Amino acid sequence: MAVESQTLFQLLDTNLLIKPLQGEWKWHSPLSAPFKVLGFPWLEKEKVYRRLPLTADHTLPEAVDKLADCTAGGQIRFRTDAPRVAIRVKLRGPASMNHMPATGQIGFDAYVGEPGQERYIGTSRMKPGERQYESMLFEGDKPDQLRTVSINFPLYQGVTEVRVGLPPEAVIEADEFPGSGGRLVFYGTSITQGGCASRPGLAYPQQIGRRLQREVINLGFSGSGKGEAEVAKVIRLIPNVDCFIVDYEANCTTELYGRTLETFLSLYREKQPLVPILVVSKIPYVKELVNGIARQERIARKRIAINLVRKLNQAGDDRVFFFDGNRLLGDRFDECTVDGVHPNDLGFTRIAESLIPVLSQILEHCSYNWIEERERV
């Protein structure tokens with residue numbers, strides 16, 4: 001019955017058809033020059049599309065270790081005169097979530113344009129249950145000059161192999177992004193990871209990265225952002241960081257959050273004394289409209305963060321900041337989620353638009369030359 005329904009919908013609307021690729025293609029590994037892959041700090045050493053190292057000095061929690069295979073935040077960048085671009089991918093598994101589109105879980109999406117001016121242009125399409133596929137990202141007229149293409153990796157699945165398809169005659173050059181800017185490192189929950197965005201480029205860290213012209217390291221771990229010391233000791237090894245955004249409260253009880261937050265920040269600060277840190281409290285969940293206890297618990301955890309940031313500031317660390325997550329979605333936060341918890345695309349856009357001015361101010365007022373600092377050390 002499902003197959004018959006799918007066929008009927010495709011007959012009624014040909015935009016729903018998945019069309020096979022036509023024409024000649026040359027398939028390129030993004031691990032080879034002139035392509036650049038961002039978002040995986042250990043990629044150069046380990047050659048694996050993974051957000052944390054395969055082998056760390058500190059044993060990672062099992063859930064975090066598994067979720068590190070999800071490729072949220074990864075990005076392929078290059079310049080080309082190709083009028084059409086495709087993707088060929090092998091995944092660690094199929095799309096399997098019942099409240100998030102497959103295009104967000106296992107899809108790639110593409111943007112064209114120079115840094116700060118990127119425009120969305122296309123998303124990969126796949127059949128239900130597929131673990132590997134090839135798909136057109138976009139096709140059009142041959143441009144008058146080279147244009148920058150950025151392709152975002154899937155949010156909720158691992159990628160074992162990926163190839164970028166271009167016409168054989170296409171010119172390819174390196175893209176210089178992110179220029180002199182460093183990285184934005186986000187640590188948090190499923191919301192940070194991107195659940196339940198309809199496509200990868202709409203996850204709020206990716207939206208912020210585009211606007212602020214920074215490489216994004218997305219360390220959101222679905223249900224598993226719990227502020228473990230072992231995780232902090234790995235994250236603090238990531239170099240060239242312009243700001244560290246900490247947003248893991250939603251995965252914690254009030255007791256756990258109170259017990260871990262100060263240690264987590266202190267461990268990070270031991271190795272990264274100059275990096276600005278922004279602590280973000282959780283967004284309100286829809287159940288708070290009918291559940292006063294849930295609201296009270298959120299407010300109690302928010303006070304923990306506020307008091308800690310104030311304590312660190314008074315002790316002399318003026319590079320730690322707090323942002324109230326209650327302000328991220330606006331008054332009608334109930335319309336900004338898929339399930340009362342995870343943002344829809346409107347929700348992610350509101351989160352990004354709320355944080356961009358704050359992060360811009362932090363980057364402006366707490367700027368330092370990490371290249372110079374690295375060379376000095």
Side-chain angles (χ1 to χ4, degrees), residues 61 63-64 67 97-100 104 155-156 186-198 202-205 207-208 219-228 231 245-265 277-314 320-359:
V64 172
L67 288 165
M97 297 167 69
N98 60 18
H99 65 330
M100 181 174 177
L155 298 169
Y156 260 83
F186 295 81
Y187 172 69
T189 66
S190 56
I191 294 173
T192 309
Q193 186 172 335
C196 294
S198 65
L202 288 174
Y204 84 82
Q207 293 197 50
I208 291 172
L219 300 180
F221 300 107
S222 189
S224 304
K226 297 183 178 180
E228 298 97 339
V231 177
I245 299 92
V246 179
D247 184 14
Y248 75 89
E249 175 202 327
N251 282 167
C252 295
T253 63
T254 303
E255 185 277 332
L256 180 61
Y257 193 58
R259 176 160 48 86
T260 59
L261 184 60
E262 183 168 8
T263 300
F264 188 85
L265 298 186
I277 299 172
L278 176 63
V279 179
V280 182
S281 64
K282 72 181 287 294
I283 60 173
Y285 290 169
V286 171
K287 67 181 179 181
E288 289 186 18
L289 296 174
V290 295
N291 187 329
I293 294 175
R295 181 175 180 274
Q296 291 169 12
E297 289 177 346
R298 176 177 60 80
I299 292 172
R301 289 192 295 272
K302 180 170 72 173
R303 288 191 183 121
I304 290 171
I306 292 172
N307 291 336
L308 175 59
V309 170
R310 183 179 294 122
K311 173 184 173 182
L312 295 174
N313 292 162
Q314 292 173 347
V320 184
F321 305 88
F322 171 81
F323 188 87
D324 186 352
N326 189 51
R327 298 164 51 194
L328 290 171
L329 298 179
D331 293 338
R332 291 306 307 270
F333 62 87
D334 51 308
E335 298 290 4
C336 293
T337 74
V338 171
D339 53 5
V341 173
H342 298 92
N344 54 27
D345 295 341
L346 171 62
F348 277 120
T349 299
R350 287 189 177 177
I351 291 173
E353 289 178 346
S354 297
L355 288 177
I356 285 168
V358 178
L359 287 169

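Just so we're clear, the structure is a prediction, and the values are computed from it rather than from any experiment.
More than 12 heavy-atom neighbours from other residues, nucleotides or ligands sit within 6.0 angstrom of NZ on Lys302.
A side-chain donor-acceptor contact under 3.5 Å links Asn251 to the backbone of Ser224. Without hydrogens or angle criteria, Gln193 side chain to Leu155 main chain gives a donor-acceptor distance under 3.5 Å. Remark: side-chain polar atoms of Thr260 are not paired, donor with acceptor, to backbone N or O of Glu228 under 3.5 angstrom. The main-chain N or O of Phe221 is never found under 3.5 Å from a side-chain atom of Tyr248 such that the two would form a donor-acceptor pair. Asp345 places a side-chain N or O within 3.5 Å of a backbone atom of Ser198 that can act as its donor or acceptor partner.
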Item to complete: Evaluate side-chain contact (heavy atoms from CB on, under 4.5 Å) for Phe186 paired with Asp247, printing each intermediate quantity in order.
Response: CA-CA 8 Å; Phe186 295 81; Asp247 184 14; over 6 Å; no
Worksheet item: Given the rule in the side-chain contact (heavy atoms from CB on, under 4.5 Å) test, do Ile283 and Phe333 qualify, once you have shown the distances and angles that lead to the verdict?
Response: CA-CA 9 Å; Ile283 60 173; Phe333 62 87; over 6 Å; no
Worksheet item: Checking side-chain contact (heavy atoms from CB on, under 4.5 Å) for the pair Tyr156/Cys196: CA distance, chi angles, key distance, verdict?
Response: CA-CA 9 Å; Tyr156 260 83; Cys196 294; over 6 Å; no
Worksheet item: Which is it for Ile191 and Phe348 under the side-chain contact (heavy atoms from CB on, under 4.5 Å) test, yes or no, and what are the steps along the way?
Response: CA-CA 9 Å; Ile191 294 173; Phe348 277 120; 4.1 Å; yes
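His342 is listed as a side-chain neighbour of Ser190, based on a closest heavy-atom distance under 4.5 Å. Two residues are said to be in side-chain contact when any heavy atoms from C-beta on lie closer than 4.5 Å; Val338 and Met100 fail this criterion. Looking at heavy atoms from C-beta onward, Leu328 lies in side-chain contact with Phe323 at the 4.5 angstrom threshold. The shortest distance between side-chain heavy atoms of Lys311 and Glu262 falls below 4.5 Å. Under the 4.5 Å side-chain criterion, counting only non-hydrogen atoms from C-beta, Ile245 is in contact with Leu359. Residues Val231 and Leu219 have side chains not in contact (no heavy-atom distance under 4.5 Å, counting atoms from C-beta outward). Side-chain contact between Asn313 and Val320 is present, with at least one heavy-atom pair separated by less than 4.5 Å. Side-chain contact check for Val279 versus Leu308: every heavy-atom pair is 4.5 Å or farther apart.
The two atoms that bring Leu329 and Gly347 nearest to each other are CD2-O, 3.5 Å, heavy atoms only. Here the closest non-hydrogen pair linking Ala203 and Gly194 is CB-CA, 3.9 Å. For Lys282 against Glu249, the heavy-atom pair with the smallest separation is N-OE1, 3.0 Å.
Considering OG1 of Thr254 and CZ of Arg303, their distance stands at 11.0 Å, rounded to 0.5 Å. Note that CD1 of Ile304 and CG of Asn307 are 8.5 Å apart. Values are rounded to the nearest 0.5 Å. A distance of 12.5 Å separates CD in Gln207 from CZ in Arg350, rounded to the nearest 0.5 Å. With rounding to the nearest 0.5 Å, the separation of OG in Ser281 from CD1 in Ile306 is 7.0 Å. Here CD of Glu255 is found 12.5 Å from CD of Glu297. Values are rounded to the nearest 0.5 Å. Taking OG1 of Thr253 as the reference point, atom CZ of Arg301 lies at 7.5 Å (rounded to 0.5 Å).
The aromatic rings of Tyr187 and Phe264 lie parallel to each other, with less than 30° between the two planes, well short of the 60° mark.
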